[in-house]
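One structure below.
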Amino acid sequence: MADQQPPSTEPFRVDTDKTKPALSKLEELAGRLERAGHNLLTTSESYGDRPWGGDKNGKKFYAQYKEPHEQCVAAGLDGGAALRDSTERLQEMINGFEATEEAAKDEGTRLASDTQSGSDPGSSSGPPA
């Protein structure tokens, strides 16, 4: 059984204003990586089926070249797609944190208003359920 850490007494903070600039940089990097993979694929395809030849040496070269080439193309295309997905998930997190902060501000304002007007801060200001 893993050792459990005591709960932190430190507040949890996320500075979305400092996080937002990372979105455009990640998106740019995703695009560059995808373009690199695509350029590698199209350039190598433009040389035809076997630019190295079909003789013994050409076949040896292809045997060593094929898998690393496919891995490089996949790394560009798949890596770019993964970064793009991460960018979308980061944007969702930022939106969630900002919505939570806005709701907390609204609740704080409501509680302060209830306290100043003498209402019970624990009671709902809406109709009973």
Spacing of CG belonging to Leu90 relative to CG belonging to Leu23, to within rounding of 0.5 Å: 4.5 Å

Please list every donor-acceptor pair under 3.5 Å in which a side-chain atom of residues 57-68 meets a protein atom from a residue at least two apart or in another chain.
| residue | atom | partner | partner atom | Å |
| --- | --- | --- | --- | --- |
| Tyr65 | OH | His69 | NE2 | 3.4 |
| Glu67 | OE2 | Gln71 | NE2 | 3.1 |

Please tabulate, for the side chains in residues 73-86, all donor-acceptor contacts under 3.5 angstrom to protein atoms that are two or more places apart in sequence or on a different chain.
| residue | atom | partner | partner atom | Å |
| --- | --- | --- | --- | --- |
| Arg84 | NE | Glu34 | OE1 | 3.4 |
| Arg84 | NH1 | Glu27 | OE2 | 2.0 |
| Arg84 | NH2 | Glu34 | OE1 | 2.2 |
| Asp85 | OD1 | Arg89 | NH2 | 3.1 |
| Ser86 | OG | Ala82 | O | 3.0 |

Gap between atom CG of Asp106 and atom CD of Glu102 - 0.5 Å precision: 5.0 Å

Gap separating the NZ atom of Lys18 from the OG1 atom of Thr16, nearest 0.5 angstrom: 11.0 Å

Pro51 to Gly48 - nearest heavy-atom pair and separation: CD-O, 3.7 Å

Smallest separation among heavy atoms of Trp52 and Asp55, with atom names: O-OD1, 4.3 Å

Interatomic distance, Gln116 atom CD to Leu111 atom CG [nearest 0.5 angstrom]: 11.5 Å

Exceeds 12 heavy-atom contacts within 6.0 angstrom, atom CD of Glu98: yes

Check: Leu40 main-chain N/O paired with Ser44 side-chain donor or acceptor under 3.5 Å: yes

Single-linkage hydrophobic cluster Leu26~Ile94, side-chain heavy atoms < 4.5 angstrom: yes

